[in-house]
There are 2 protein chains.
Amino acid sequence: MYLDKTSIVIVDDHSIVIEGLKSLLDGDPLDVLGHFTSGNEACDFIERERPDLVLLDINLPDVSGIDLCRKIKAMAPETKVLVLSNHNERNIIMQTLQNGANGYMLKNISKQGLLQGISAVMAGEIHFCNEIGGIISKPTKYELGDPPYLTKREKQILRMVADGETTQEIASRLNVSPLTIETHRRNLHHKFQVKNVAELIMVANKHQLL
Amino acid sequence: MYLDKTSIVIVDDHSIVIEGLKSLLDGDPLDVLGHFTSGNEACDFIERERPDLVLLDINLPDVSGIDLCRKIKAMAPETKVLVLSNHNERNIIMQTLQNGANGYMLKNISKQGLLQGISAVMAGEIHFCNEIGGIISKPTKYELGDPPYLTKREKQILRMVADGETTQEIASRLNVSPLTIETHRRNLHHKFQVKNVAELIMVANKHQLL
DNA sequence: ATAACAATACCCGACCAGAGGTATTTTCGA
DNA sequence: TCGAAAATACCTCTGGTCGGGTATTGTTAT
């Protein structure tokens with residue numbers, strides 16, 4: 001490995017995307033050390049090889065890319081993490097940044113955009129592609145904050161509500177009092193700050209909890 | 001162009017994916033004639049060049065890949081269309097087939113899977129990757145049929161319901177009787193075959209109507 | 001022009017959800 | 001082991017939803 005080359009690891013569950021990135025990147029000042037379709041394999045390799053940069057997808061089969069980002073930063077703080085994702089939701093972008101990502105770009109990026117992003121990140125900047133910059137700077141009233149923390153029981157009941165089950169039906173399926181389910185439902189409404197089921201299901205969907 | 005080579009056109013809005021496919025495919029018996037990130041450009045090229053095969057994404061910036069598939073088949077019936085998509089919803093797969101696609105594969109396909117698919121399609125078969133085969137063969141009760149036809153008013157009211165507005169609120173905002181809104185809501189339930197709001201919002205979301 | 005569909009409106013009864021409380025028992029991590 | 005959090009349960013009252021009808025007026029495409 002030459003000192004003047006930037007060593008790169010690619011993590012993406014689509015081998016087509018990995019091929020595309022390799023063919024776009026593996027050249028002059030860049031060196032693709034390895035590529036992985038699952039988070040855990042990638043984790044071991046990154047800990048050993050300490051690459052300069054990880055190109056990371058959010059949707060992985062085993063662990064969330066957001067968690068993997070935090071792990072990488074804990075193991076190898078000097079390794080830069082540039083997230084490449086299809087998600088343009090504000091809360092997902094924010095979560096990656098809070099977990100140490102050095103940049104976030106959408107996958108419909110051009111070759112130039114990608115190379116610019118990589119050099120920006122390697123120069124120590126936090127870098128976004130244009131669309132993402134716009135999303136971060138204008139938090140609209142329809143954008144989401146952090147998803148609320150839900151207990152196991154609440155998640156379970158949320159799913160049953162989403163399946164169209166009534167309070168009574170849920171209660172008898174879980175062998176508890178309907179009054180208990182009503183309490184859980186009220187707590188869900190408070191946590192999501194909504195006032196009825198329709199809104200509840202909408203925001204739970206936006207938070208990808210269903 | 002040699003007679004023994006299969007000429008291919010790639011249509012995908014992600015240049016990374018295009019690069020990946022090119023590097024995986026452009027070799028021995030295959031020849032990538034061209035690649036496009038928008039449907040209309042691709043359309044003109046395909047009409048002129050009559051490739052043997054089009055690798056087609058469903059999500060395009062200008063037209064739906066489903067519509068483009070029908071167009072291609074109308075212009076050049078001998079050209080095979082192999083859809084490469086991230087969607088695994090039954091109704092989307094079915095729509096592409098009804099519009100003439102010769103195969104459907106998920107983008108997390110391996111190189112071998114991709115080459116197998118291409119040769120199967122070129123041999124005249126209708127080909128699916130394994131996951132898709134499973135989805136087609138077992139239509140579960142959670143799978144979607146065709147989305148129901150909704151009138152303007154119904155779409156409008158559906159959106160207002162999804163925003164958490166009650167029947168009374170909707171009625172006064174639209175200056176009609178609450179009883180009218182109740183009728184519309186009941187019609188929505190019948191069209192979607194659901195029995196309450198929670199289910200309504202869920203299936204409307206699955207149909208991407210919200 | 002006429003049939004089909006959309007939008008409007010009404011009735012009734014049964015049931016469910018929502019908002020506000022309070023309180024007990026269980027579970028689980030520090 | 002002890003305290004916090006989770007899960008359970010109850011109360012009241014108001015309002016909303018849901019299911020089954022029927023019926024009148026517009027619209028619109030054939």
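Numbers restart at 1 for each chain; the letters A, B, ... are given by sequence-line order, proteins then strands.
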Checking A:S15 side chain against B:I109 main chain: does a donor-acceptor pair fall under 3.5 Å? yes
Which part of the nucleic acid, if any, lies within reach of B:H189 when heavy atoms closer than 4.0 Å are counted: base, sugar-phosphate only, or nothing? sugar-phosphate
Give a yes or no answer on whether the side chain of A:T167 reaches the backbone of A:L179 with a donor-acceptor pair at less than 3.5 Å. no
Over all strands shown, is B:R186 touching base, sugar-phosphate only, or nothing at heavy-atom distances under 4.0 angstrom? base
Please report the closest heavy-atom contact between A:V11 and A:A42, naming both atoms and the distance. CG2-CB, 3.6 Å
Using a heavy-atom distance cut-off of less than 4.0 Å, which residues of residues 153-162 of chain A contact DNA chain D? A:R153
Decide if atom CG of B:N40 counts as having more than 12 heavy atoms of other residues, nucleotides or ligands within a radius under 6.0 Å. yes
Under the salt bridge (Lys or Arg N to Asp or Glu O under 4.0 Å) definition, can you give me all pairs with a residue in residues 75-84 of chain B, not counting sequence neighbours? B:R50-B:E78
Any pair with a residue in residues 102-114 of chain B that passes side chain to side chain donor-acceptor pair (under 3.5 Å), sequence neighbours left out, goes on the list, sorted by first then second residue, please. B:D12-B:K107, B:D57-B:K107, B:K73-B:N102, B:S85-B:Y104
Please enumerate all residues that pass side-chain contact (heavy atoms from CB on, under 4.5 Å) together with A:R70, with sequence neighbours excluded. A:D67, A:N99
If you look only at pairs with a residue in residues 186-202 of chain A, which of them pass as a side chain to side chain donor-acceptor pair (under 3.5 Å), with sequence neighbours excluded? A:E154-A:K191
Test: ring-ring contact (aromatic ring centres under 6.0 Å, His included). Region: residues 47-82 of chain B. Which pairs qualify, not counting sequence neighbours? none
Indicate whether any N or O donor in one side chain lies under 3.5 Å from an N or O acceptor in the other, for B:S7 and B:D52. yes
Contacts of type side chain to side chain donor-acceptor pair (under 3.5 Å), residue A:E47, not counting sequence neighbours: none
Counting only heavy atoms not in B:R173, do more than 12 fall under 6.0 Å of its CZ? no
I'd like to know if A:K22 pairs up with A:E19 as an ion pair, taking the criterion as any Lys NZ or Arg NE/NH1/NH2 lying under 4.0 Å from an Asp or Glu carboxylate oxygen. yes
5'-most to 3'-most nt of DNA chain D touching chain B (<4.0 Å, heavy-atom partner on protein side) reads D:dG16 to D:dG21
Which of residues 190-202 of chain B have a heavy atom under 4.0 Å from DNA chain C? none
Determine to 10° how strongly the helix from C:dA1-D:dT30 to C:dA30-D:dT1 is bent, judged from the axes of its five-pair ends. 70°
Stretch residues 168-181 of chain B: residues that reach within less than 4.0 Å of DNA chain D through a heavy atom: B:Q168
Selection residues 45-74 of chain B - residue pairs positive for ring-ring contact (aromatic ring centres under 6.0 Å, His included), sequence neighbours left out: B:F36-B:F45
